[in-house]
2 protein chains.
Amino acid sequence: MARRVTIQDVADRAGVGKVTVSYVLNGKDEEARISPATAERIRAAAIELNYRPSAVGRMLARSQADAVAMVFQYGDYFGAQTAFISEVMRCVCKACVENQVDVVLHTKLASDPLTEANNFTDGRVDGVLMIRDAEDATYLELVARDFPTVLFFCRSDQPNAHYIACDNQRGGRMATEHLIHLGHTRIGMIRGGMGSVDSNDRLVGYQAALNTSGINFDPELVVEYHGADGHSEDFLALMQRPDRPTGLVVWSDDAAFECIRLCNGIGLNVPGDVSLIGFDSTHACERSNPPLTSIRQPIELICAEAVRLLLALRKSPVDATLCRQIFPPILDVRQSTGHPPKNSSTMRSSTK
Amino acid sequence: MARRVTIQDVADRAGVGKVTVSYVLNGKDEEARISPATAERIRAAAIELNYRPSAVGRMLARSQADAVAMVFQYGDYFGAQTAFISEVMRCVCKACVENQVDVVLHTKLASDPLTEANNFTDGRVDGVLMIRDAEDATYLELVARDFPTVLFFCRSDQPNAHYIACDNQRGGRMATEHLIHLGHTRIGMIRGGMGSVDSNDRLVGYQAALNTSGINFDPELVVEYHGADGHSEDFLALMQRPDRPTGLVVWSDDAAFECIRLCNGIGLNVPGDVSLIGFDSTHACERSNPPLTSIRQPIELICAEAVRLLLALRKSPVDATLCRQIFPPILDVRQSTGHPPKNSSTMRSSTK
DNA sequence: TGGATTTGCTGAAACGGTTCAGTATAATGT
DNA sequence: ACATTATACTGAACCGTTTCAGCAAATCCA
């Protein structure tokens, strides 16, 4: 097994010190005033010897990795990787390509937040991009260690938090207003998990929209989505009420697809009988039957800003206005939303 | 800015040499015969000082990274990340979690294969998992350097290639046989790119199945899929022929969805007028209208084996039978395939 | 009681770079 | 001819760990 060719080998071959090689191979021959002739000799030697620099040696010397970690909620690692996460990964990679840093997916999960944080602060990455709740213990630990960390698709009230998020309250409001503008007055919400900040935000927006339009908020029209299983009972109960909603703001696209399926199962047509609007506006929205109206987060923009912020953090303190950015969502109207049925005001009669 | 706590600091605090600390903190105190009392003292010191080992120092010393690179075809980095790639990423991560190695997504793409290969052999990863054509220059360079590299979802004839693939010939055959068993005799193929080994393999399987059943192979029934754009002309021409096929074996699920859309556009019902079978059996198959019959690759199995093989390669030469494995695909029957229309033998009459 | 073995620990080298603070030589200015 | 400055390069320290070989003291065996 041949020994690895080191920078010293190149130096010997070119008849210079290894320092000089380092400067030349890093393109710093100008500022270090290496003569063109020497530089050329060094480059030739490197090629002859098939020299491949060791990134690890470089990382150690520079105390910088030129890489960032990308981490998601616990479940998303193993379980169903949603189209949303998939798109986020794509956009983060794209931003990292532009900034010439690599992406590391850490797999050494630990139950203990201290240990988990160690995985990130061990020098292999310069910072962490996280989709986690703002109260996540690992996140808090990283912040406490002053390690460059950016939360994205999530906001935080931590004093020195950095995050790039989407305005979920506004998203909830936009979705609800869309239904209201179409004439709906009885609007339900299929919400996400109770612990989810995103879901709570959207609920706030939903209530705000109702309020502005003078529609009473009815807590009975809000049902939690528990994933494709266990979801049906509550939902069916809601939709079989005599005064069932004619419009639904649904937690995610996937949840909305499930709702459509369940509605069809009990003879309700979308959007004829009930209008549905989802969140995320994934590609599947275009292919579903009917194509799903959905609220889209500007994923590419958010990822690009998050990466930019993270990389800025490694150097100096960052201008406060860049540390916390919230972008508005976008409404993609498709065919799952329409006017409420004509007899919707006399809906009660359908029970007989 | 406080200096990083090093292993030497811990050693000083505990009153031992740093070597001893290394042994204890790596759980090798037994074999290095460190007394329990000393071990305990060291562990306490590490906690007191808040010692976080540097992975980079460790990587340098051990010449091992405990990480693998995962790389895809060029386009998949930026462009549409398909549901297939997304599932592959999930499964690779899962396998890596089980094996306790991290995953690195390299972003420093280079046009020059030599340079690109350097990205992988620079010590940050122990090996590379690739979805690339067997003739890919970067792949060949890695193999030439004897760097642990495993091709997956792709086979190669290189003498010392390592790969874990799915039997695409068999997949093409299974898909075609499924249609034949349903009674189809006029079966077309919407194939992938001409350069794609996968697509060629499936075509071979398709022809083999026709041949076995005594159906003549008609090259006019094979049309290349060019992505959602530019695809329609050739396809529509095929489907508007008087002797159009009643069954289609389609390159991918996404392509099949597009075909369904185009068929519907010219008044053809799926599966009433034409049966369609896709490849990949992604989640979207269940939600499409009609749900798409599809050939599934055992992604999780292939990813798990690929990771296993790659990690085995870092140590010693690997048993030849494990170096090249080909797994059979699976047929998922849904509702986009059915019997051919009754009048299919008199199809020509539909032109009048 | 003396030699062999075990126990408990460590010194030094290795891993492969980068960067600071020079130094020796050559060129320039007066 | 001498002081000054620019040019071209380098020595040594540093980054933080692991591992090999070996050493001193304690224990064992006959």
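Bear in mind the structure is a predicted one, so any value in this text is a computation, not a measurement. Numbered from 1 within each chain, the chains take letters A, B, ... in sequence-line order.
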Problem set entry | Value rounded to 0.5 Å, distance of CG in B:Leu151 from CD1 in B:Ile164 | 10.0 Å

Exercise. Once you round it to whole Å, what is the distance between P of C:dG17 and CG of B:Leu60?
Worked result: 9 Å

Problem set entry | Stepwise side-chain contact (heavy atoms from CB on, under 4.5 Å) check, A:Arg124 with B:Arg124 | CA-CA 9 Å; A:Arg124 284 174 319 193; B:Arg124 285 176 317 195; over 6 Å; no

Seminar exercise, completed: Residues in residues 119-127 of chain B with a heavy atom under 4.0 Å of DNA chain D, by number, are none

For this session: Find out whether A:Asp122 and B:Arg58 are in side-chain contact, i.e. whether some heavy atom of one side chain is under 4.5 Å from a heavy atom of the other.
Result: no

Exercise. Given the rule in the side-chain contact (heavy atoms from CB on, under 4.5 Å) test, do B:Leu309 and B:Gln325 qualify, once you have shown the distances and angles that lead to the verdict?
Worked result: CA-CA 10 Å; B:Leu309 172 56; B:Gln325 297 183 64; 5.7 Å; no

Exercise. Quick one: does B:Phe84's side chain get under 4.5 Å of B:Gln297's, heavy atoms only?
Worked result: yes

Problem set entry | Beyond-backbone contact of B:Leu311 with B:Val68, side-chain heavy atoms, under 4.5 angstrom | yes

Seminar exercise, completed: Residues in residues 30-52 of chain A with a heavy atom under 4.0 Å of DNA chain D, by number, are A:Ala32, A:Arg33, A:Ile34, A:Ser35, A:Thr38

Exercise. Could you give the distance from CG (A:Asp102) to CG (B:Asn119), rounded to the nearest 0.5 Å?
Worked result: 7.0 Å

Exercise. So B:Phe153 and B:Cys303, side-chain contact (heavy atoms from CB on, under 4.5 Å) or not? Walk me through it.
Worked result: CA-CA 9 Å; B:Phe153 299 100; B:Cys303 292; 4.1 Å; yes

Problem set entry | B:Gln64 and B:Asp66 side chains, donor-acceptor separation under 3.5 Å | yes

Exercise. Above 12 or not: heavy atoms from other molecules or residues under 6.0 Å from CZ of B:Arg43?
Worked result: yes

For this session: I would like to know whether B:Val88 and B:Val92 meet side-chain contact (heavy atoms from CB on, under 4.5 Å); could you show each step before the answer?
Result: CA-CA 6 Å; B:Val88 169; B:Val92 167; 4.1 Å; yes

Problem set entry | B:Arg4 and B:Ser54: side chain donor to acceptor below 3.5 Å | no

Problem set entry | Interface limits on DNA chain D, where chain B has a heavy atom under 4.0 Å of a nucleotide atom | D:dG16 to D:dC20

Problem set entry | Any residue meeting ring-ring contact (aromatic ring centres under 6.0 Å, His included) with A:Phe120, in chain and number order, not counting sequence neighbours | A:His106

Exercise. Crowded around A:Asp157 CG? As in, over 12 foreign heavy atoms under 6.0 Å?
Worked result: no

Exercise. Would B:Asp9 and B:Arg3 satisfy salt bridge (Lys or Arg N to Asp or Glu O under 4.0 Å), going step by step from the backbone distance to the final call?
Worked result: CA-CA 11 Å; B:Asp9 298 326; B:Arg3 197 178 56 75; 3.2 Å; yes

Problem set entry | Interface residues of residues 7-25 of chain B with DNA chain D (non-hydrogen, below 4.0 angstrom) | B:Ile7, B:Lys18, B:Val19, B:Ser22, B:Tyr23

Exercise. Taking both distances under 3.5 Å as the test for a Watson-Crick or G-U pair, what stems of at least three pairs does DNA chain D have?
Worked result: C:1-30 with D:1-30

